[in-house]
Amino acid sequence: MEIMNSKLKKYITLSFVVVIAGVLDFATATLFQTLLHVPLFLDMTFAMAVLFAYGVLPAIMTYVVNVICGCLKLVILYGKNDYVYLFTLSALTIILITWLFVRKKENLNKGVNLTFLYILSAAICAALACSVVSGIISYFTYSLNVEAGPFDKIIFAFSGEQMGVLASCIVGRIPITILDRIITTFAGYGFFIIYKRFMLRGSC
């Protein structure tokens, strides 16, 4: 009975963390994209924190909560849903690539310099993979007049005689996506450290 109660408590705690993290990611993205017009996504900081703390599935569920909030916003404010959920594939790519690097926690406990380089490598690799996936999605949704993100003008500025639309959708994303990934991955790791210390203190 005690083991059952302990498992139930962990499940409730995890569910609470996932929902709160998803809402916070949505709120952060709304603040920076919609209100401040920052040309970055900044919508996966807390999903990264959950990834560091709990792994792949909870991180994916965190992003699903974020997408649900985004869909509700579009339906309530604009009466439409568009194809925003297609970019969940980009988030899945980011989560899986990052997880390949950080799944072994001992790799994050080898000193400040190595940990920094490890997380930086994870962020850059995830950004490059995400640029390809998101670029392909943008290419196929371009004809449907669906916004590819906060930097559509930058993407299609690459398009011209030297570069086709598909290539511009991919290449145009790379610089900003790398910056976005570095910021959100390191911020997520920071929130993970804070959360871990808080949980350890709470269990004392």
Side-chain angles (χ1 to χ4, degrees), residues 11-99 123 126-127 129-156 165-166 169-170 172-173 176-181 183-185 187-188 191-192 195:
Y11 176 77
I12 292 171
T13 300
L14 179 56
S15 299
F16 180 77
V17 168
V18 164
V19 172
I20 294 298
V23 172
L24 284 173
D25 271 338
F26 170 74
T28 302
T30 300
L31 171 64
F32 285 101
Q33 289 179 33
T34 307
L35 299 179
L36 300 180
H37 303 289
V38 175
L40 294 168
F41 288 113
L42 300 173
D43 62 345
M44 290 190 70
T45 297
F46 295 96
M48 288 294 101
V50 171
L51 179 68
F52 282 111
Y54 294 106
V56 173
L57 284 177
I60 291 172
M61 292 311 298
T62 299
Y63 194 78
V64 168
V65 172
N66 186 357
V67 170
I68 290 171
C69 290
C71 289
L72 287 174
K73 171 190 164 186
L74 286 173
V75 169
I76 292 170
L77 294 182
Y78 306 107
K80 62 179 182 178
N81 201 7
D82 281 341
Y83 298 86
V84 67
Y85 51 83
L86 285 176
F87 289 95
T88 303
L89 293 173
S90 305
L92 292 177
T93 303
I94 288 168
I95 290 169
L96 291 174
I97 296 295
T98 306
W99 181 241
C130 174
S131 295
V132 173
V133 174
S134 298
I136 292 170
I137 294 171
S138 295
Y139 174 73
F140 284 108
T141 57
Y142 178 56
S143 61
L144 300 172
N145 296 317
V146 178
E147 290 188 4
F151 47 86
D152 294 280
K153 290 179 182 177
I154 297 174
I155 290 176
F156 297 111
V165 176
L166 177 59
C169 284
I170 294 172
R173 284 179 171 273
I176 290 178
T177 305
I178 288 177
L179 178 59
D180 182 82
R181 286 290 83 234
I183 292 171
T184 53
T185 306
F191 281 114
F192 158 66
Y195 175 74

Results of side chain to side chain contact (heavy atoms under 4.5 Å, CB included) for L36 - residues two or more places apart only: L31, F32, V38
Verdict with supporting geometry, D43 and T28, side-chain contact (heavy atoms from CB on, under 4.5 Å): CA-CA 6 Å; D43 62 345; T28 302; over 6 Å; no
Gap separating the CD1 atom of I176 from the OG atom of S131, nearest 0.5 angstrom: 10.0 Å
Listed once per pair and sorted, the side-chain hydrogen bond (donor to acceptor under 3.5 Å, both in side chains) pairs that draw on residues 47-59, sequence neighbours left out: Y54-Y195
Partners meeting side-chain hydrogen bond (donor to acceptor under 3.5 Å, both in side chains) with T184 (sequence neighbours left out): R181
Contacts of T45 that satisfy side-chain hydrogen bond (donor to acceptor under 3.5 Å, both in side chains) - sequence neighbours left out: none
Closest non-hydrogen atom pair between G135 and L166, with its separation: O-CD1, 4.2 Å
Full working for side-chain contact (heavy atoms from CB on, under 4.5 Å) between S138 and R173: CA-CA 10 Å; S138 295; R173 284 179 171 273; 2.8 Å; yes
Reported CD1-to-CG distance for the pair I60 and L96, which is rounded to 0.5 angstrom: 5.5 Å
Nearest-0.5 Å distance, CG of residue L24 to OG1 of residue T62: 10.0 Å
From I170 atom CD1 to T177 atom OG1, the distance as rounded to the nearest 0.5 Å: 11.0 Å
Listed partners of S90 passing side-chain hydrogen bond (donor to acceptor under 3.5 Å, both in side chains), at least two apart: S134
Stepwise side-chain contact (heavy atoms from CB on, under 4.5 Å) check, M44 with I95: CA-CA 9 Å; M44 290 190 70; I95 290 169; 3.7 Å; yes
Spacing of T88 atom OG1 and I68 atom CD1 [to the nearest 0.5 Å]: 9.5 Å
Rounded distance [0.5 Å steps], CD1 in I94 versus CG in D180: 7.0 Å
Which atom of A47 lies closest to which atom of D25, heavy atoms considered: N-OD2, 2.9 Å
Intermediate values then yes/no, side-chain contact (heavy atoms from CB on, under 4.5 Å), C69 and V23: CA-CA 7 Å; C69 290; V23 172; 4.2 Å; yes
Set of residues satisfying ring-ring contact (aromatic ring centres under 6.0 Å, His included) with respect to F191, sequence neighbours excluded: F46
Donor-acceptor under 3.5 Å (Q33 side chain, F41 main chain): yes
